[in-house]
Student: 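Would you mind keeping the following structure in view while I ask a few things?
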Amino acid sequence: MTVQERIKQVVEDNPVVLFMKGTPETPMCGFSAAVVEVLKHFGVAYKGIDVLQDDDVRQGVKDYANWPTFPQLYVRGEFVGGCDIVREMAEAGELETLFKEKNIPVRGA
Ligand SMILES: N[C@@H](CCC(=O)N[C@@H](CS)C(=O)NCC(=O)O)C(=O)O
Ligand code: FES
């Protein structure tokens, strides 16, 4: 499998995926930590993938969504955004709407 095929498979096999620096338990960058906090706030289950562990994945994910930075949040196979977008969507109530539309269980919902 190519890196692009592996990325496609992981975002299609897992409802919510966060490509990040470090792990959900131990983020290695403030931008990644911020999205971890947002997801924690919503109580959403997700797969965290540490791009610092694999340079091919790190470059491959940037190519996959044509987005140059991490974190990158995917919901049901679709790229949602990085830290700024996710935070703005959360504040505007749009992230909760997206999770509900995509049948992602959210705390209290
Ligand atoms: N404004 C960005 C902040 C993220 C960012 O600037 N990430 C940088 C530093 S952690 C990055 O991933 N650079 C590319 C790399 O390290 O491969 C966002 O909204 O997500
Ligand atoms: S690792 Fe330095 S800003 Fe993210």
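Order of appearance sets the numbers: ligands from 1, and atoms from 1 within every ligand.
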Student: What protein heavy atom sits nearest atom 15 (C) of ligand 1, and how far away is it?
Tutor: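 I find the closest protein heavy atom is Arg58 NH2, 3.4 Å.
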Student: I need the nearest protein heavy-atom contact for atom 13 (N) of ligand 1: residue, atom name and distance, please.
Tutor: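 Protein heavy atom at minimum distance: Thr69 CG2, 3.9 Å.
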Student: Under the criterion side-chain contact (heavy atoms from CB on, under 4.5 Å), which of Ile49, Asp63, Val61 is the partner of Ile7?
Tutor: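 Single side-chain contact (heavy atoms from CB on, under 4.5 Å) partner of Ile7 among Ile49, Asp63, Val61: Val61.
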Student: If you define the side chain from C-beta out and look only at heavy atoms, does anything of Lys102 sit under 4.5 Å from Val16?
Tutor: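 They are not in side-chain contact.
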Student: Tell me: protein heavy atom nearest atom 4 (C) of ligand 1, and distance?
Tutor: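 Residue, atom and distance for the closest contact: Phe70 O, 3.2 Å.
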Student: Do Leu52 and Val3 share a hydrophobic cluster, counting only Ile, Leu, Val, Met, Phe, Trp and Tyr and linking them when any side-chain heavy atoms are less than 4.5 Å apart?
Tutor: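 No, no single cluster joins them.
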Student: Heavy atom to atom 3 (C) of ligand 1, shortest distance: which of Phe31, Trp67, Phe19 holds it?
Tutor: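 That would be Phe31.
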Student: For atom 9 (C) of ligand 1, which of Met28, Lys21, Lys62, Met20 has the closest heavy atom?
Tutor: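 The option holding the nearest heavy atom is Lys21.
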Student: Would you please name every residue forming a side-chain hydrogen bond (donor to acceptor under 3.5 Å, both in side chains) with Asp84, sequence neighbours left out?
Tutor: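 Asp84 satisfies side-chain hydrogen bond (donor to acceptor under 3.5 Å, both in side chains) with no residue once adjacent residues are dropped.
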Student: Check for me: within less than 2.8 Å of atom 4 (Fe) of ligand 2, which protein N/O/S atoms show up?
Tutor: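 Near atom 4 (Fe) of ligand 2, the protein supplies Cys29 SG.
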Student: With Tyr74, which residues qualify under ring pair (Phe, Tyr, Trp, His ring centres under 6.0 Å), at least two apart?
Tutor: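 Ring pair (Phe, Tyr, Trp, His ring centres under 6.0 Å) check on Tyr74 returns Phe19, Phe79.
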Student: Under 4.0 Å from a heavy atom of Asp84: which atoms of ligand 1 are those, numbered in the order shown and with their elements?
Tutor: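 Selected atoms, number and element: 1 (N), 18 (C), 19 (O).
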Student: For residues 26-48, run the donor-acceptor check on the side chains, cut-off 3.5 Å, and write out each pair with its distance to 0.1 Å, sequence neighbours left out.
Tutor:
{"from": "Ser32", "atom 1": "OG", "to": "Lys21", "atom 2": "N", "distance (Å)": "3.0"}
{"from": "Glu37", "atom 1": "OE2", "to": "Lys40", "atom 2": "NZ", "distance (Å)": "3.2"}

Student: Using atom types as modelled and distance alone, determine if a side-chain donor or acceptor of Asn14 lies under 3.5 Å from a backbone N or O of Val17.
Tutor: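 No, because the side chain of Asn14 does not come within donor-acceptor range (under 3.5 Å) of the backbone of Val17.
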Student: So how far is it from Lys62 NZ to Arg58 CZ, rounded to the nearest 0.5 Å?
Tutor: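 These two atoms lie 5.5 Å from each other.
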Student: Report the part of Cys83 in contact with ligand 1, treating N, CA, C, O as backbone and CB onward as side chain, heavy atoms under 4.0 Å; options are side chain, backbone, both, neither.
Tutor: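 The answer is both.
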Student: Between Asp56 and Arg6, does at least one N-O distance fall below 4.0 Å, as a salt bridge requires?
Tutor: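 No, no charged N to carboxylate O under 4.0 Å.
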Student: Indicate yes or no: does Glu96 engage Lys100 in a salt bridge with an N to O separation below 4.0 Å.
Tutor: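 Yes, this pair counts.
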Student: Using a 4.0 Å cut-off to any heavy atom of Cys29, which atoms of ligand 1 qualify?
Tutor: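 Answer for ligand 1: 10 (S).
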Student: Counting heavy atoms not belonging to Asp13, are there more than 12 under 6.0 Å from its CG?
Tutor: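 More than 12 heavy atoms, drawn from other residues, nucleotides or ligands, come within 6.0 Å of this atom.
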Student: N/O to N/O below 3.5 Å, does that happen between Pro68 and ligand 1?
Tutor: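 Not met; the criterion fails.
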Student: Using a 4.0 Å cutoff against the non-hydrogen atoms of Gly82, which atoms of ligand 1 qualify?
Tutor: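 Those qualifying, in numeric order: 19 (O), 20 (O).
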